[in-house]
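See below for the structure under consideration.
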Amino acid sequence: MTPRTPRAGEDADDLDVEEALALVNDAARAPGDHAPGDRTHGDRPHGAPAPGVPAHRDGVDWAEARTTAERAPRRGGGHRTGYLTPVSVPLSSALGLTLAAPLIALTDLPSFDTSAMDGWAVSGPGPWDVREEGVLAGHTAHAPLTDGEAVRIATGARIPPDTTAVLRSEHGRTDDKGRLHATAATRAPHTVSHGQDIRPRGQECRNGDQLLPVGTLVTPPVLGMAAAAGYDTLTVVPRPRAAVFVLGDELLGEGLPHDGLIRDALGPLLPPWLRALGADVVDVRRVGDDEAALQQALTACEADVVVTTGGTAAGPVDHVHPTLRRLGAELLVDGVAVRPGHPMLLARISEKQYLVGLPGNPLAAVSGLVTLAEPLLRTLAARPAPEGYTLPLRDAVQGHPYDTRLVPVALRGDRALPLLYNGPAMLRGIAAADALAVVPPGGAKPGYEAELLDLPWASGGIGVCFT
């Protein structure tokens, strides 16, 4: 992570100067080339080169990289389904997890005929003689009603046998002799219809009915449904365990930058973001620019996914690649045609462990999170893929000649506003963003329908999410 000058023929590690040169080259294309933001770009796959521009010499297509990360656990990961081995957990621990077994009703719901309203349980046509003792929820069954008889009843209470209907409190009155009459504020006195305001046994489901299928996200209503259906525990896919290794000797944990040292921005940023993606962050540590220390940390780590920051290029202190080689890891993605974040990588360390190598620049690291970490964790946790959508861009966005760009945007009504301060080392733009816009090679004009990737806090994922 020590600053360096790229060697001849080597890609810079997402340096701002490279971005600037790419944009200058793009603007200088010969007349007749597609202008930035030409709608024809929407017909090219993400990462495809702009017309007349040679293909990138390395780095897989952005969309292909995401697909590879999503499918990685199903291909050689030891689990045909791709998700982690299901576990049984109490209801209190299941929120935000995914059902690994269908939710089958263990009883009829309701399990007996109940009153849907406060009022009177009545038998036959009125008027009715009213019993002295009422019927409350949670009490044992009461004696059957006889024809012409009524009893006070509470919502949720068990209906006495031979009840015809429930008369709501606001629809009944008693006379001077204690007899109950059916009334309505806007109508003449009337009787009640059979079954009125009674929830019959099994109205919602019968014992053995499937209530929810495998793959359902456990939300608060799902917990309520499970409890009502008789469950104390649920069979779910556990959260993937994630470890964060922040690499670099130049990082400070507190205070102002000084003497060539800078504040660590990714240590505070990554753990909550990974939790919002469904991970259980079990370890966050700083690892210096030392190859042996990195290998030791990886060897001792038992997390399902290790996320590293920096060290993914080819500089003198970029130790991720050589360490992975020594560990015999399988490199699944080695560089992605996306800006920022090109030198990201994905590796399978063992049958049950993966490493996502993020670039050291903050916004480049965010790019790696949404490109590789999000689809990988989603598969491991058996979470559904987010629904894709597009919005027109309010302003033009400069493009990279041959790579996809991920640009922070704020959502303003039915448009996406591209934000400034979107360089690889900057967080000012993403801190104000609601989403990342996927900008194809060559850029985008105002009105271009850009694919958007929602950020966790824009969809209730930080602090109020189910993870």
Side-chain angles (χ1 to χ4, degrees), residues 62-87 89 93-100 215-219 236-246 266 269-284 298 301-309 329-330 332-333 336 338 341 344-359 365-388 406 436 453-462 465-467:
W62 175 76
E64 181 184 343
R66 297 195 84 209
T67 300
T68 298
E70 181 180 22
R71 295 177 178 175
R74 302 190 189 105
R75 296 181 175 178
H79 300 284
R80 181 179 58 83
T81 59
Y83 55 73
L84 300 175
T85 302
V87 294
V89 301
S93 300
L95 188 66
L97 304 181
T98 301
L99 291 181
T216 299
L217 182 67
V218 179
T219 62
V236 293
V237 179
R239 291 178 178 84
R241 295 165 301 161
V244 177
F245 294 168
V246 181
L266 295 178
L269 180 152
L270 290 175
W273 200 315
L274 290 168
R275 292 187 189 102
L277 296 179
D280 180 13
V281 179
V282 296
D283 188 14
V284 181
L298 288 175
C301 183
E302 297 182 354
D304 302 299
V305 176
V306 181
V307 178
T308 62
T309 69
E330 178 186 2
L332 304 177
V333 175
V336 179
V338 66
M344 66 181 73
L345 63 84
L346 171 65
R348 182 183 287 117
I349 298 177
S350 67
E351 187 179 88
K352 296 183 179 180
Q353 189 178 57
Y354 296 86
L355 181 140
V356 176
L358 305 178
V366 167
S367 177
L369 270 182
V370 301
T371 302
L372 298 178
E374 186 276 330
L376 174 68
L377 290 169
R378 173 164 30 92
T379 298
L380 290 172
R383 291 164 68 94
E387 196 72 30
L406 300 182
L436 288 169
L453 306 174
D454 277 337
L455 300 176
W457 52 90
S459 54
I462 300 292
C465 68
F466 303 144
T467 57

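Because only heavy atoms are used, hydrogens play no part in the values below, and waters and symmetry mates are left out as well, while side chains stay in. For reference, positions follow the sequence shown, starting with 1.
Of the inter-residue distances, the one linking L355 atom CG with T308 atom OG1 reads 4.5 Å to the nearest 0.5 angstrom. Between the CG atom in L453 and the CG atom in L436 there is a gap of 6.0 Å [rounded to 0.5 Å]. Summarising the geometry, atom OG1 belonging to T219 is positioned 7.5 Å from atom CG belonging to L95; distances are rounded to the nearest 0.5 Å. Separating the CG atom in L380 from the CZ atom in R239 is a distance of 14.0 Å, to the nearest 0.5 Å. Within the model, atoms CG of L274 and CG of L369 stand 5.5 Å from one another, a figure rounded to the nearest 0.5 Å. A distance of 5.0 Å separates CG in L99 from OG1 in T216, rounded to the nearest 0.5 Å.
Under the rule for a salt bridge (Lys or Arg N to Asp or Glu O under 4.0 Å), the partners of E330 that lie at least two apart in sequence or sit in another chain are R348. D283 pairs by the side-chain hydrogen bond (donor to acceptor under 3.5 Å, both in side chains) definition with R285, not counting sequence neighbours. Under the rule for a side-chain hydrogen bond (donor to acceptor under 3.5 Å, both in side chains), the partners of T371 that lie at least two apart in sequence or sit in another chain are W62.
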Evaluation steps, side chain to side chain contact (heavy atoms under 4.5 Å, CB included), between V306 and V356: CA-CA 6 Å; V306 181; V356 176; over 6 Å; no
T379 vs R74, side chain to side chain contact (heavy atoms under 4.5 Å, CB included): CA-CA, chis, key distance, verdict: CA-CA 8 Å; T379 298; R74 302 190 189 105; 4.0 Å; yes
Candidate pair L345 and V333, rule side chain to side chain contact (heavy atoms under 4.5 Å, CB included), full reasoning: CA-CA 5 Å; L345 63 84; V333 175; 5.7 Å; no
Test side chain to side chain contact (heavy atoms under 4.5 Å, CB included) applied to Q353 and V305, step by step: CA-CA 6 Å; Q353 189 178 57; V305 176; over 6 Å; no
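Across all their heavy atoms, L332 and A72 have their closest contact at CD1-CB, 3.8 Å. Of all non-hydrogen atoms in A69 and P375, the two that sit nearest each other are CB-CG, 3.8 Å. Here the closest heavy-atom approach between residue G82 and residue P73 is recorded as O-CB, 3.2 Å. Shown here for A65 and L372, the closest heavy-atom pair between the two residues is O-CD2, 3.8 Å.
With respect to R66 and E70, no salt bridge is recorded, no charged nitrogen being found less than 4.0 Å from a carboxylate O. Under a 4.0 Å N-O distance rule, the pair D304/R241 qualifies as a salt bridge.
The shortest side-chain heavy-atom distance between P384 and R378 does not fall under the 4.5 Å cut-off. The shortest side-chain heavy-atom distance between C301 and F245 falls under the 4.5 Å cut-off. Residues P386 and D454 are not in side-chain contact: their nearest non-hydrogen atoms beyond the backbone lie 4.5 Å or more apart. Residues V366 and L269 meet the side-chain proximity criterion, which asks for heavy atoms closer than 4.5 Å.
Remark: of the listed residues V236, L217, V237, V236 is the sole one forming a side chain to side chain contact (heavy atoms under 4.5 Å, CB included) with L97. Applying the side chain to side chain contact (heavy atoms under 4.5 Å, CB included) test between V87 and each of V89, T85, L84 identifies V89 as the sole match.
The backbone N or O of A381 lies less than 3.5 Å from a partner atom in the side chain of T98, making a donor-acceptor pair. Under a 3.5 Å cut-off, the side chain of T68 and the backbone N or O of E64 do form a donor-acceptor pair.
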